[in-house]
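Structure first, then comments.
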Amino acid sequence: MAAIDGRTRLVGLLGHPIEHTLSPAMHNAAFNALGLNYCYLPLPVAPAELGAAIAGVVALGFVGVNVTIPHKQNVMAYLDEISTEAQAIGAVNLIEFRQNRRIGHNMDGTGFLEALRRQQITVRGTRSLVFGAGGAARAVVYTLLQAGSEVTILNRTTARAESLAAALCSAAGDVRLTAGPLDTEYVAALAAETDLVVNTTALGMTPAVESNPWPASVPYPARAVAYDLVYAPRETAFLRTAKAAGARTIDGLQMLLYQGALAFEMWTGQPAPLDVMLSELLKGRMHS
Ligand code: NAP
């Protein structure tokens with residue numbers, strides 16, 4: 001690691017707890033690889049101290065910070081400006097300190113979309129099926145709608161899918177968005193017309209690695225790209241199903257990687273060393 005000195009520029013992560021975060025390793029490796037005098041610090045902050053922590057990182061001259069659970073909503077009260085996406089998604093996970101202003105962004109959707117773009121997958125004019133209706137789904141669905149896809153949200157708790165659809169219809173404007181239950185009948189009815197299937201549920205995540213949001217009795221459509229947000233394990237049961245049917249797949253590490261890369265580029269103004277960052281994510285995931 002490069003020596004920290006009087007010129008080191010600081011960035012970090014505000015969250016609670018953050019013992020298992022992969023971000024410091026990923027960013028510090030990237031700074032080192034490019035010889036940049038930056039340091040990324042884990043900053044554990046209890047909910048009651050959030051306002052003081054924001055004032056503190058501003059006073060200490062931080063370039064920016066990432067924000068994670070449980071602060072992604074509450075942090076908005078301490079910002080001067082919130083990007084349109086972060087407002088629509090209802091959460092901030094990146095703050096930029098620029099010209100005495102605290103500017104909140106949400107990189108979940110941008111990172112999600114960047115992984116599709118890098119694989120030359122066109123979203124405009126497609127039909128997407130999104131499993132799940134939690135925080136990650138909100139970012140994914142908003143982003144797909146903005147990028148011109150027609151989206152159906154299917155969730156175990158149907159009422160949650162319906163209320164997410166209602167909220168995003170009013171946030172995203174004139175869009176084609178429907179909601180329903182995550183069950184075999186619905187998936188079977190929609191499968192043939194789907195171009196992209198995104199799993200934003202926790203199904204398939206370690207330790208329940210065999211759980212799969214795609215119903216076993218419905219053949220996976222080979223034309224539909226399968227994108228799983230779960231990144232541990234990297235190849236989930238859902239991605240295996242899609243791959244076996246001949247479909248293209250994108251794993252959850254891609255979204256994590258591109259979110260990190262976008263933050264890195266915002267802070268340093270340099271292209272992120274993606275290979276270095278991915279290799280740190282892979283190392284960290286194996287040890288966490
Ligand atoms: P969340 O807000 O808690 O939402 C969890 C979602 O999973 C809900 O839709 C929930 O359905 C569903 N779910 C949980 N257990 C289920 C089960 N046994 N059967 C069916 N559905 C189930 O969580 P989140 O923040 O959206 O995160 C969701 C996943 O995305 C996590 O695995 C997280 O690690 C991943 N993620 C990845 C990235 C990335 O960069 N790759 C970024 C963000 C999140 P109900 O509404 O019915 O409870």
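Basis for what follows: all heavy atoms, side chains included, without hydrogens, waters or symmetry-related copies. Start at 1 and go down the list; that is how both ligands and their atoms are numbered. Positions are given from 1, in the same order as the sequence printed here.
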Query raised in the report: Taking atom types as modelled and ignoring hydrogens, do the side chains of Thr236 and Asn199 form a donor-acceptor contact shorter than 3.5 angstrom?
Result: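 Looking only at side-chain atoms, Asn199 and Thr236 do not form any donor-acceptor pair under 3.5 Å.
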
Query raised in the report: Without hydrogens or angle criteria, can the side chains of Thr178 and Thr152 be said to hold a donor-acceptor pair below 3.5 Å?
Result: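 Yes, because at least one side-chain N or O of Thr178 sits under 3.5 Å from a partner of the opposite role on Thr152.
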
Query raised in the report: Are more than 12 heavy atoms from other residues, nucleotides or ligands located less than 6.0 Å from atom CZ of Arg118?
Result: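 Result for CZ/Arg118: enclosed.
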
Report task. Using the test side chain to side chain contact (heavy atoms under 4.5 Å, CB included), find all partners of Pro181 that sit at least two apart in sequence or belong to another chain. Result ->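 Listed in chain order: Thr158, Asp183, Tyr186.
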
Query raised in the report: Considering only heavy atoms, which protein residues lie less than 4.0 Å from any atom of ligand 1?
Result: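 Lining ligand 1 at under 4.0 Å, by heavy atoms, one finds Gly132, Ala133, Gly134, Gly135, Ala136, Asn155, Arg156, Thr157, Arg160, Thr200, Thr201, Ala202, Leu203, Met205, Leu229, Val230, Tyr231, Gly252, Met255, Leu256, Gln259.
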
**Report entry** Distance in Å, Ser23 OG paired with Glu280 CD, rounded so as to fall on 0.5 Å steps
**Finding:**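 Reported value, rounded in 0.5 Å steps: 11.5 Å.
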
Query raised in the report: Between His27 and Trp267, what is the ring plane arrangement, given parallel below 30°, perpendicular above 60°, and tilted in between?
Result: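 Tilted: the ring planes of His27 and Trp267 meet at 30° to 60°.
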
